[in-house]
Amino acid sequence: MKKQKIETGKIVGTHGVRGGLRVQPWCDSPSFFCNLKTLYVKTKEGFESKKIKSARPHGNIVILELKDVVTMEQAEALRGIVLYLDRKELSLEEDRYLICDLIGCSVFHADTKELLGTISDVSQTGANDVWHIMKDSSEYLIPAIDEVVVSVDVDSDRIEIRPLVGIFEE
């Protein structure tokens with residue numbers, strides 16, 4: 001089941017004296033944060049919304065200002081907090097998926113329909129993602145490229161691939 005709130009980054013420090021936050025983004029690009037209007041923090045009761053005043057990329061991090069954080073002390077108190085976004089605020093291009101939605105999907109051979117395993121992790125290598133597929137106690141690394149991936153249906157937790165020769169052979 002897809003989660004409604006998705007981890008999107010972590011506050012790793014402060015920036016300036018007016019409550020700026022340094023955020024390590026957990027997305028494809030720090031500029032992703034520039035389009036968001038609201039983020040969420042987990043509380044004992046659920047999630048608390050935080051309105052974004054401004055966000056700008058700064059190297060591989062994001063400088064984030066929240067409307068209700070105006071002092072360095074308030075910002076410091078948030079260090080280490082994980083930030084979430086609401087899935088309804090997210091729009092993905094066709095053939096783009098959230099890593100958290102891929103993990104747990106069953107992977108089948110597109111031609112034989114044999115169950116090859118379950119995605120346990122995704123490595124982002126720069127050139128292409130690599131899916132970690134677990135079956136029993138074995139791990140197989142599959143490049144997520146057009147020549148291999150035939151179909152992805154995260155709503156049904158089902159992926160079909162045509163693996164490269166030799167990957168699943170003992």
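We're numbering straight along the sequence, starting at 1.
- With sequence neighbours left out, the side chain to side chain contact (heavy atoms under 4.5 Å, CB included) criterion links Asp146 to no other residue.
- Remark: the His132 side chain and the Glu139 side chain contain an N/O donor-acceptor pair separated by less than 3.5 Å.
- Looking at Arg22 and Ile63, their side chains come closer than 4.5 Å, going by heavy atoms from C-beta outward.
- Every residue was checked against the salt bridge (Lys or Arg N to Asp or Glu O under 4.0 Å) condition with Arg18, not counting sequence neighbours, and none meets it.
- A tilted orientation is assigned to the rings of His15 and His58, their planes being inclined by 30° to 60°.
- Here the side chain of Ser156 pairs no donor or acceptor atom with the backbone of Arg158 at under 3.5 angstrom.
- With rounding to the nearest 0.5 Å, the separation of NZ in Lys135 from OG in Ser120 is 14.5 Å.
- Annotation: side chain of Thr38 is not in contact with side chain of Ile52 (no heavy-atom distance under 4.5 Å).
- Note on Trp26: it does not cluster hydrophobically with Leu21, by side-chain heavy-atom contacts below 4.5 Å among ILVMFWY residues.
- A salt bridge links Asp111 with Arg162: the distance from a Lys NZ or Arg NE/NH1/NH2 to an Asp or Glu carboxylate oxygen falls below 4.0 Å.
- Between Pro25 and Phe33, some side-chain heavy-atom pair lies under the 4.5 Å cut-off.
- Within the 4.5 Å cutoff, no side-chain heavy atoms of Leu83 are placed close to those of Lys50.
- Within the model, atoms CD1 of Ile133 and CD1 of Ile119 stand 5.5 Å from one another, a figure rounded to the nearest 0.5 Å.
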Using atom types as modelled, flag every donor-acceptor pair under 3.5 Å from a side chain in residues 4-11 to any protein atom, sequence neighbours excluded.
{"residue": "Gln4", "atom": "NE2", "partner": "Asp86", "partner atom": "OD1", "Å": "2.5"}
{"residue": "Lys5", "atom": "NZ", "partner": "Asp86", "partner atom": "OD2", "Å": "2.9"}

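- Among Lys53, Glu76, Gln74, the single residue meeting the side-chain contact (heavy atoms from CB on, under 4.5 Å) criterion with Val69 is Gln74.
- Taking CD of Glu160 as the reference point, atom OG of Ser106 lies at 11.5 Å (rounded to 0.5 Å).
- Within a 6.0 Å radius of NZ in Lys113, more than 12 heavy atoms belonging to other residues, nucleotides or ligands are found.
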| request: Any chance you could lay out the side chain to side chain contact (heavy atoms under 4.5 Å, CB included) test for Gln124 and Ile99, step after step, and finish with the verdict? | output: CA-CA 10 Å; Gln124 296 178 296; Ile99 290 173; 3.9 Å; yes
| request: Could you walk me through whether Asp68 and Lys51 pass salt bridge (charged side-chain N to carboxylate O under 4.0 Å, His left out), step by step? | output: CA-CA 8 Å; Asp68 63 347; Lys51 297 291 181 191; over 6 Å; no
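- The minimum heavy-atom distance linking Pro163 with Leu116 is given by the pair CG-CD1, 4.3 Å.
- Two residues are said to be in side-chain contact when any heavy atoms from C-beta on lie closer than 4.5 Å; Val107 and Tyr140 fail this criterion.
- Using a 4.5 Å heavy-atom threshold, the side chains of Trp131 and Val149 count as touching.
- For the pair Leu102/Asp129, no side-chain contact is recorded, criterion being any heavy-atom separation below 4.5 Å from C-beta on.
- When every heavy atom of Gly20 is checked against every heavy atom of Ala75, the shortest pair comes out as O-CB, 3.7 Å.
- Val62 and Met72 are members of different hydrophobic clusters when ILVMFWY side chains are connected at heavy-atom separations under 4.5 Å.
- Taken together through direct or relayed side-chain contacts under 4.5 Å among Ile, Leu, Val, Met, Phe, Trp and Tyr, Ile145 and Ile159 form part of one hydrophobic cluster.
- When the side chains of ILVMFWY residues are joined at heavy-atom separations under 4.5 Å, either directly or via intervening members, Leu78 and Tyr40 end up in two distinct hydrophobic clusters.
- Rounding to the nearest 0.5 Å places CG of Asp153 at 11.0 Å from CG of Asp101.
- Expressed to the nearest 0.5 Å, how far CG of Asn128 lies from CD1 of Ile142 amounts to 11.5 Å.
- What you find for Cys34 and Pro57 is that their closest heavy atoms are SG-CD, 3.4 Å.
- Hydrophobic clustering of Ile, Leu, Val, Met, Phe, Trp and Tyr side chains at less than 4.5 Å, counting indirect connections, unites Leu164 with Val122.
- Counting heavy atoms of neighbouring residues, nucleotides and ligands inside a 6.0 Å radius, atom NZ of Lys42 does not exceed 12 of them.
- Taken to the nearest 0.5 Å, the OH atom of Tyr97 stands 10.0 Å off from the SG atom of Cys105.
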